[in-house]
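Single-structure report; data block below.
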Amino acid sequence: MLRGFMNKPIFIVGSPRSGTSILTWCLGQHSNILVQEESDWLGRFALDVEAAYQSGTHRGERSQLGSLGVQRPEFFNCFGDAINNLILQHRYERRRIALEEATATPASNLRLPAFQTERSDSDPKGRWVDGTPEYSLYICGLRKLFPGAVFIHLLRDVKSVVRSMLKFKQTGGPALVENEQQAYDYWLRTVRACFKAERAYGSRVVYRMLYCDLVGDSARTLRLLLDFLQEPYEPACLEPLQHRINSSNVPPDFTPVDPQTGQEVEARQLEAELMNDRTPVPPSGAIAAELEAEFEKRVHHNQNVNKYHRSALRKIAALEKQLEQLRCESQGRLKPWQRWMHRRQHLSKSVRSERISPQE
């Protein structure tokens, strides 16, 4: 690992449309924190690392990693350290690309002084921050790669999140959800995962922070956050909050009403619990074990997904063959009936024609 640099990345998690992007940029203005684009790949990579370790040890001493005595934490740490070094070594490349993007896009937020990847060449930038909301579902695996990582759960009220999700296409991105029910489900899934990780690893690893505090009492909120991160307070971290970025531009009178939404009550109950009870949470070994079991289950699924896919294709082919056989048998049984109906229709026409023909 690079001398003088910490392998203690910062992950901002929580439901999408909760302010994770603006908080990432706020921390990125700190002299010791390097801002990153949403990475998306690290969570799945942790699953792949576990699958590789299992493959390399499944025969014990007759396996390569097993014969070398390589332990799981050591295996994960090697990859985590390599990723950490790779990111920090490319800080100047990151700045160059950001400046090119800002120059090429006239309306880019990166042209604003408040949004800078570095404010001085002397900035140490010894750690990095990643604001990928989907990492709410991968906290267990990310801790394996980065044992010193911390997670900031940015919690925003569910009503505002749902409204923003439904209007997200106005930012130019793809639709996040199709309806209100999916929006509530998305919020519940990510917030539950963050809260479970907080109860598993404790408040010293997963720091719960309210979006309303970030925008309502910004200086105090960021001071507390930087204390948690063990970084000195720097006023520059407040500057991005003066601008709106990645906004869904939800009209004030927009009120989604979906009679099919059955999870709204559950979401509001969880929201009230998390916003009103700010008591620090101690770590729980039992809940951490649950997360480990869920992680193993996902690894197993990923390892066998191709097998499941092939099995499903075989079942579909067999069902299609059975359907074709039934269709042929059905047609065979209907042929006499069809001939009878044809004769009946022919006779009916003959009778009608005889009734309307003139008498000889």
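Computed over heavy atoms, backbone and side chain alike; hydrogens, waters and symmetry mates excluded. These numbers were taken from a predicted model, which means no experiment stands behind them.
- Ring-plane geometry between Phe115 and Trp25 is classed as perpendicular, the angle between the planes exceeding 60 degrees on a 0 to 90 degree scale with a lower cut at 30.
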- Task: Decide yes or no on side chain to side chain contact (heavy atoms under 4.5 Å, CB included) for Val191 and His153, but give the supporting numbers first.
- Result: CA-CA 8 Å; Val191 171; His153 175 199; 4.0 Å; yes

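- Using a cut-off of 4.0 Å between Lys/Arg side-chain N and Asp/Glu carboxylate O, Glu290 and Lys196 are scored as salt-bridged.
- Judged by distance alone, the side chains of Ser120 and Ser122 do bring a donor and an acceptor atom under 3.5 Å apart.
- The closest side-chain donor-acceptor pair between Tyr211 and Ser160, if any, does not fall under 3.5 angstrom.
- By the 30° and 60° cut-offs, the orientation of the rings of Tyr53 relative to Phe75 is tilted.
- A donor-acceptor distance shorter than 3.5 angstrom exists from the side chain of Asn32 to the backbone of Gly126, with no hydrogens or angles considered.
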- Item | Candidate pair Glu320 and Gln325, rule side chain to side chain donor-acceptor pair (under 3.5 Å), full reasoning | CA-CA 9 Å; Glu320 288 178 341; Gln325 290 175 346; over 6 Å; no

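- Taking CD of Glu231 as the reference point, atom NZ of Lys8 lies at 9.5 Å (rounded to 0.5 Å).
- Judged purely by atom type and a 3.5 angstrom limit, Lys125 uses its side chain to pair as donor or acceptor with the backbone of His30.
- The aromatic rings of Phe79 and Phe45 stand perpendicular to each other, their planes meeting at an angle above 60°, with 30° marking the opposite boundary.
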- Task: Test side chain to side chain donor-acceptor pair (under 3.5 Å) on Gln36 and Asp130 and set out the steps.
- Result: CA-CA 5 Å; Gln36 294 292 293; Asp130 185 326; over 6 Å; no

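- Just one residue in the list Lys297, Lys144, Arg298 forms a salt bridge (Lys or Arg N to Asp or Glu O under 4.0 Å) with Glu292, and that residue is Lys144.
- In this structure, Arg199 contributes its side chain and Pro282 its backbone to no donor-acceptor pair below 3.5 Å.
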- Item | side chain to side chain donor-acceptor pair (under 3.5 Å) between Thr132 and Tyr138, worked out | CA-CA 10 Å; Thr132 305; Tyr138 290 93; over 6 Å; no

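- Of the candidates Lys167, Gln182, Glu180, Glu180 is the only one forming a side chain to side chain contact (heavy atoms under 4.5 Å, CB included) with Val162.
- Checking Glu273 against Gln269 by side-chain atom types alone, no donor-acceptor pair falls below 3.5 Å.
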